Amino acid sequence: MNNQRVGSLEWTGLAVAGAALVLSAVAFAAPGPSTQAEGTLAAVDPAAVTVTTSAGTQVRVAVTGDTVVIRRRAVVLEDMKPNDFVGVTARREADGSLTAISINIFPPEFRGRVREAQFVMDTGNIMTNAMVFQNVRAVLGRTLYLKLGDGSVIIAVPRDAQVFRLTIMPVGELRPGMRVVVRGTAGSDGTPVAVTITVDAQ
């Protein structure tokens, strides 16, 4: 993977979790072993957040000036506008066409930060939502027309495809009770350090 930067943060993927998009909307990329905590915020302070997982365990994760907090909100396809930058996870049909599984509309902060490309995921789906940021040319009915380099990509969007708009939110807006996915790396002493915190809009 190719590392790119958003602000002072390096991103290898911003990988969105395909059809299983529950909470893990954005993946991180940073040096060191990866860590993840998913659940409900039990406590928030300026230096760390504590997450209660579905198993009932609590994980304390350090927060730094490089930690990016992303709010994810479900929207409808009609909310997508020309020139939006989006990420699409799609499956390749037998006739070669693409059918969207999930779509993420990314915030302006990501514009121009990630190279355009297209590649096949380990699952066989076509990854057009991680390192592939594409410019929406048009949305006609349930068909999405994307600009990729000098060409176009056409993707059919079934009604069961999930569509989300992502926005950057201040760390200071985190509150106990929020459902989150915290992704990051293990520090030199083994303490988890948050790179991204993804919050589902309530």
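Computed from a predicted model, the values in this text were never measured in an experiment.
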In Å, rounded to the nearest 0.5 Å, how long is the span from [atom1] of [X] to [atom2] of [Y]?
X: Arg183; Y: Ile197; atom1: CZ; atom2: CD1; answer: 12.5 Å
X: Arg91; Y: Thr99; atom1: CZ; atom2: OG1; answer: 5.0 Å
X: Ile70; Y: Met169; atom1: CD1; atom2: CE; answer: 11.0 Å
X: Met80; Y: Leu146; atom1: CE; atom2: CG; answer: 8.0 Å
X: Met178; Y: Thr198; atom1: CE; atom2: OG1; answer: 12.5 Å

Checking Thr191 against Asp189: is there a side-chain donor and acceptor pair closer than 3.5 Å?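 Yes, because at least one side-chain N or O of Asp189 sits under 3.5 Å from a partner of the opposite role on Thr191.
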
Please determine, by modelled atom types, if Thr50 and Gln58 share a side-chain donor-acceptor pair under 3.5 angstrom.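 No pair is found: no donor N or O on one side chain lies under 3.5 Å from an acceptor on the other.
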
Indicate, with yes or no, if Val193 and Val182 share a hydrophobic cluster defined by side-chain heavy-atom contacts under 4.5 Å among Ile, Leu, Val, Met, Phe, Trp and Tyr. no

Looking at [X] and [Y], what are the two nearest heavy atoms and their distance?
X: Ala90; Y: Leu98; result: CB-CB, 4.2 Å
X: Pro176; Y: Ala42; result: CB-O, 3.9 Å
X: Arg142; Y: Arg159; result: NH2-CA, 3.4 Å
X: Thr67; Y: Ala194; result: OG1-O, 2.8 Å
X: Ala156; Y: Pro158; result: O-CD, 3.5 Å
X: Thr167; Y: Pro107; result: CA-CB, 4.2 Å

Output, in order, the C-alpha distance, side-chain angles, deciding distance and verdict of side chain to side chain contact (heavy atoms under 4.5 Å, CB included) for Val199 and Arg179. CA-CA 6 Å; Val199 181; Arg179 289 285 299 174; over 6 Å; no

Is [X] reaching over with its side chain to a backbone N or O of [Y], donor-acceptor style, under 3.5 angstrom?
X: Thr89; Y: Ile101; answer: no
X: Asp95; Y: Ser97; answer: yes
X: Arg72; Y: Leu166; answer: no
X: Asp45; Y: Ala47; answer: yes

Using a 4.5 Å cut-off on heavy atoms from C-beta on, say whether the side chain of [Y] contacts that of [X].
X: Val163; Y: Asp79; result: no
X: Val180; Y: Glu38; result: no
X: Val69; Y: Ile168; result: no
X: Pro46; Y: Val63; result: no
X: Ile103; Y: Leu77; result: yes

Heavy atoms from other residues, nucleotides or ligands near CZ of Arg165 exceed 12 (cutoff 6.0 Å):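 Count over threshold, so yes.
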
Please lay out, stage by stage, how Leu41 and Arg175 fare under the test side chain to side chain contact (heavy atoms under 4.5 Å, CB included). CA-CA 7 Å; Leu41 285 178; Arg175 297 288 184 271; over 6 Å; no

